[in-house]
Structure formats: structure tokens, C-alpha cells
Amino acid sequence: MAREFQRGHKAKISDLTPGTDLYVGVQIAAPGLTFDISCFGLDANEQLSDDRYFIFFNQPKSPEESIQLLGAQSGDTESFRVTLDRIPANIHRLSFTATIDGAGQMSQVGPGYIRIVAGGEEVVRYAFTGSEFTTERAVMLGDFYLKDVWRFAAVGQGFDGGLDALLKNFGGEVAEEQPAAQQPQGAAPSFAPPPQAAAPPAFGAPAAPQAPQAPQPPPSFGAPAAPAPAPQPNPQLHAAPTIAAPMSPPAGVVPPPAPAPHGQPPLQPQYGQVPGQMPGQVPGQVPPGAPSPYGQQAPSPYGQQPPGMPHGVPQGVPQTGAGLQAALQPYRESATGQRWTPQNQQLMRVDLTMGGMPVLARQGSMVMYQGKVDFSYKGAGFAGRIVGNTTGQEMQLMRCSGRGQVFLAENGAHLHSIELQGDGICVSAENVLAFDESLQHEVRRIEGHGIPGGALFTMMFQGTGTVVVKTHGVPVVLPVTPTTFADCNAVVAWSAASQVILSSQVRLRRNAYPGHSGETVNLQFRGAPGNFIVVQPYEV
């Protein structure tokens, strides 16, 4: 039985099916619209570093054929074959997308889905509708991503712009489409079933129920399609190169007005005349040939663009130039289709529409939000306040819910999102910025005799979700060994399975002499291989 996913749901492929030879079907349609359904093979930086792994209608398979475009079949608008154990090591993510070819918006689409079929049986389906989108012209439907093992995530994230904009977002280049030589039709590859096979292949998707019709020969699943007709002269919209015209010419120098002769006062305007206006001149009008006032642009005849102004730019708009656009480009919002997306080292973006789950964040950490988001006070209760005040692990939180994106930051601290999948992590409350409400958290005591200042406790988070940790500077992650010690004022977090005890460097004999090293209390970590600690280059 297929598992029904909602937006933001994730699962290991091994939990869905033991197979690695998968069928991915996409169904999306809207009256009068055509769609381009593609697969982007991305590297560890989520960039299309090798354009041979951009699988679309003009490039239907990857070099080693681990990703293949199969076409429309079994009720799906488009389908793919993905062989996970053949994907090269440099490919860490497969992003399946749908873009509108031409005019239109994603809000116009009807009910659609992306599904995974293994062994002839549908194992997972993520359904969506056009009501989840607005003016977007592209949507990232679902991802296969490698995180120790291959996993699947239902994304459902709208994206402004078409296929060109999506390609640029993944670091690709938009090139002019070259007419491809028509491939002769040959024998079906070894993946296709034999023509006399009556039952569908194990890899194939289950056929959609159809009305009785005249008997037809069985489909050759996976075989190359019949030769397509010759391409029309009119190219596809997304194949045309994007040409960016310069926003403005090199700015000229406007000469200042000539000063009055030495020793003479400047001429005073006549009654009703604006200073600097020539006699008989209409206010606001610049005489022909005269320079414009400083900081203003000379008017042009009606119906004509000013010299140097790009076509289509309204008059009166400052000529910012392509240089400004290029300068702002590195700082634009980054939408990767994930619930938590770092915009830079100090700013984190959370998409509340993915997963439909509220977020608990430190009060006052919101710097901007988009959409319909509700912020409410999140109290810890009487018992929680008593424990927080006693242990020093009290967190002043707000609850962020609704449909939109919230940007979080605090005092320029470095932010790091840590995704938990049933495991746990210990973090001091002072170093927690935000976390998913689905995570369980409690105060945990550190074994030992005491730490100066009373820091005997920490917060432990466990479950499935993400916790955002803030640090002063770039931290370092160290493995836990029997000889791992860390300053209690510099430790940020550690794995919940680690054993932590206090190690005091104070000696009575040393205290008999003036002065000491300043390193009096440390934390000693013990645990099995795989445990870790996170230390920041700063002492609280």
C-alpha cells in the first residue's frame, strides 16, 4: 500500500522499498498549459556542476543511464527511471521539477502528484493542487537526496520564473538550443520487456484503469520512442537565450552652474520666477541645449525615451545600472525547496508551509517574514519556569505558525541547522535559536561535583525535526575519545549518547601560591565511536 506524503515529509528509501531500481511518475495538467518536467542531478553544494545530469526532453538520460526520461505512460504526464546504485558519487541530490512552457501560473493546475513505484507496486505518493501556489511558473516537486543513505522528500515548493530561472538557480547556464540529429530507431534496450511478455515488468508502474478498447500490442516499456517529427522553426520559449540589456550607459558628469563674477552678488529672480529659471521659461522646463539641474535627467520629447535609457524603462526611474543588479545578486533570497534554508552564516529562513508544523523560536529573533504568519507567546508553565530558573536553562520562546516564510537571526551569531532523525543532541539553552515544535526537549543534568556559576545542566532535544544552534564564530566538531576534554564555557553541543563528567584542574597545593592558569573546570567526554562535541572559538 502506497504511503501518502504531505509537503515536507521525508523518509529513507530503504524504509519504502528494498529495491534501488525505481520508477518516478509525475502527473500535472492545466487547461491550455503545457509543462516541461525535468530532473536535476546536483552535487554536494546543490549545484548543477555537470550539465549532463540535467535530464529533460532534449537530454533524456545521464551518461551511465542511471537516470532516464521515459515519457508519458500509465496515466503519468512524464516518468523517469532512477537506478540509485548506479548514480555517480558526485551526485548527491535528484530534484524533480515542473515548469510552465509559455504564459500561465501554477495556481491554474489541477490535482497532481509525484509517485514512486518499485517492483510494479506504488510505494509513495505526494499529491498537490494549484491552490497551494500563486503566481509561480515552476515548482520543485520532490527530491531524492543522499544523507548517509538515499532518502526521498516531498518538496512542493513554488519557484518564480520558468525553466531558465530554475536552471540558473541550480548554477546552470542557459544556452541556445541546437537542433539534435534524429536518432534511428533500433532494438529495445535490455531494460525493455520481451515483446511476447503478457504481464507488465516488475519495474513498471501499475497501469491506470481505462475503458475497454480495441486490443493493442503490449507497450515496450523503456524502449526509445518513435522518431519525432522535424523541429518547427518556431523554437520553444525556454530554449531562447536570455539577453540582458545594460540598465544604463556610463553616467556623464553634469557641469555645475557657472558662478557669479567675483565681487558681484548672484542675480535675483524676478517676481514669480523660480531661482535659476530663464525669463519667459515655463517652470519645470529646461531650455534646449541647457544642462539639467544637478541630479535630474533632461526631459525627452513626448513618446521618446531619454538618450541612453533602455527601452521599456519608464521615465523618472533612476538609472541604477546593471552594476547594481550584479552587486545585489549574491544577497538575494535563497529558496532551495527545503523547510530550513540558511541565507548566509547569520540568517536562517524557515518555510512554515512545508510540513504544516509550527516553529518555536527565541523571542525577538524574527527579522522579517512573508505570507500569513501568526506569532504568539509560548509559555513553559509553572513547573517549567521553576526548572528553568533553577537550572539556568530557561528559554523565552515564541510560537510561529501559519503559511509563509520567517527569517530568524540574533546579534549576528553564526547559525547552524541540525536535522534530527530519531536521535538526540544536547545544547545549552543559551545556544538555541529555534526548533521544530515536534521535537521533545528537557533539561538534563551533567554528572559531577559542580561548575563555577552553577552551569550543571543542559537541554536535550530528541525526535524528528530540526534545531537551529547559534555560535560565536565558526565552530569545530571533534570526535569523542577517552581523552577528549573541553572548556565548559566553550562547548556548544554534543551527541546525546555521550557521557559527560566534570574534570577539575584545581589543586590545593597550587592554590597556596599566587596565580593560576585560569583553566580550572573542564568537561570530559566519553562514548562509543560516532559521538561528537561542538566547540566554538569563544568563551561565554
Side-chain angles (χ1 to χ4, degrees), residues 4-10 24-40 42 46 48 54-57 69 71-72 75-80 93-116 124-145 152-170 172 174 236-240 242 332-339 341 349-356 369-373 402-406:
E4 296 289 340
F5 271 29
Q6 301 295 325
R7 178 188 294 182
H9 282 188
K10 304 174 183 178
V24 179
V26 175
Q27 204 283 328
I28 184 170
L33 298 183
T34 57
F35 294 88
D36 292 326
I37 302 173
S38 313
C39 175
F40 290 86
L42 309 176
E46 298 189 356
L48 185 66
F54 173 36
I55 309 303
F56 66 118
F57 62 92
L69 185 70
D76 298 329
T77 309
E78 189 62 87
S79 60
F80 299 82
R93 182 180 294 270
L94 303 180
S95 182
F96 295 90
T97 66
T99 57
I100 298 177
D101 183 7
Q105 300 176 354
M106 281 296 171
S107 58
Q108 302 173 245
V109 304
Y113 60 79
I114 179 173
R115 62 174 179 163
I116 301 176
V124 67
R125 174 185 292 243
Y126 162 54
F128 56 88
T129 62
S131 60
E132 302 177 25
F133 312 106
T134 54
T135 59
E136 298 95 334
R137 298 187 59 247
V139 60
M140 292 178 278
L141 300 172
D143 287 356
F144 287 93
Y145 65 99
F152 175 74
V155 180
Q157 176 67 38
F159 192 89
D160 292 333
L163 184 60
D164 289 354
L166 198 60
L167 186 61
K168 292 179 180 178
N169 177 70
F170 289 134
V174 181
Q236 298 289 341
L237 177 63
H238 59 264
T242 303
R332 295 191 180 277
E333 177 186 3
S334 175
T336 62
Q338 301 297 320
R339 177 172 168 85
T341 305
R349 171 185 182 267
V350 54
D351 191 345
L352 299 177
T353 61
M354 300 187 62
Y369 71 92
Q370 304 173 122
K372 297 181 180 180
V373 181
R403 297 183 62 85
Q405 298 80 37
V406 181

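One-based numbering along the sequence shown. None of these values were measured; they are calculated from a predicted model. Computed over heavy atoms, backbone and side chain alike; hydrogens, waters and symmetry mates excluded.
The salt bridge (Lys or Arg N to Asp or Glu O under 4.0 Å) check on E136 picks up nothing, with sequence neighbours excluded. Scored by the side chain to side chain contact (heavy atoms under 4.5 Å, CB included) test, Q105 finds S107, Q108, T135 as partners (sequence neighbours excluded). Under the side chain to side chain donor-acceptor pair (under 3.5 Å) criterion, R7 pairs with E132, T353, sequence neighbours left out. For S131, the side chain to side chain contact (heavy atoms under 4.5 Å, CB included) test picks out T129, with sequence neighbours left out. By the side chain to side chain contact (heavy atoms under 4.5 Å, CB included) test, E78 is found to be paired with I37, L69, F80, residues two or more places apart in sequence or in another chain being considered. Residues meeting the side chain to side chain contact (heavy atoms under 4.5 Å, CB included) test with Q27, sequence neighbours left out: A29, T77, Y113.
In this structure, the side chains of L48 and L167 come closer than 4.5 Å at one or more pairs of heavy atoms. F40 has its side chain out of reach of L94: every pair of non-hydrogen atoms, C-beta onward, lies at least 4.5 Å apart. Looking only at side-chain heavy atoms (C-beta outward), F144 and I116 come within less than 4.5 Å of each other.
A donor-acceptor pair under 3.5 Å is formed between the side chain of R339 and the backbone N or O of M354.
A pairwise comparison of heavy atoms in F35 and A30 identifies CE1-N, 3.8 Å as the closest pair. Here the shortest heavy-atom pairing between G25 and D76 reads CA-OD2, 3.5 Å. Taking every heavy atom of both residues into account, F133 and Q157 meet most closely at CE2-C, 4.5 Å. Pairing each heavy atom of L42 with each of S95, the nearest pair is CD1-CB, 4.5 Å.
For the atom pair I114 CD1 and F5 CZ, the distance stands at 11.5 Å (nearest 0.5 Å).
The aromatic rings of F54 and F56 lie parallel to each other, with less than 30° between the two planes, well short of the 60° mark.
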Between T99 and R137, does the side chain to side chain contact (heavy atoms under 4.5 Å, CB included) criterion hold? Intermediate values first, please. CA-CA 6 Å; T99 57; R137 298 187 59 247; over 6 Å; no
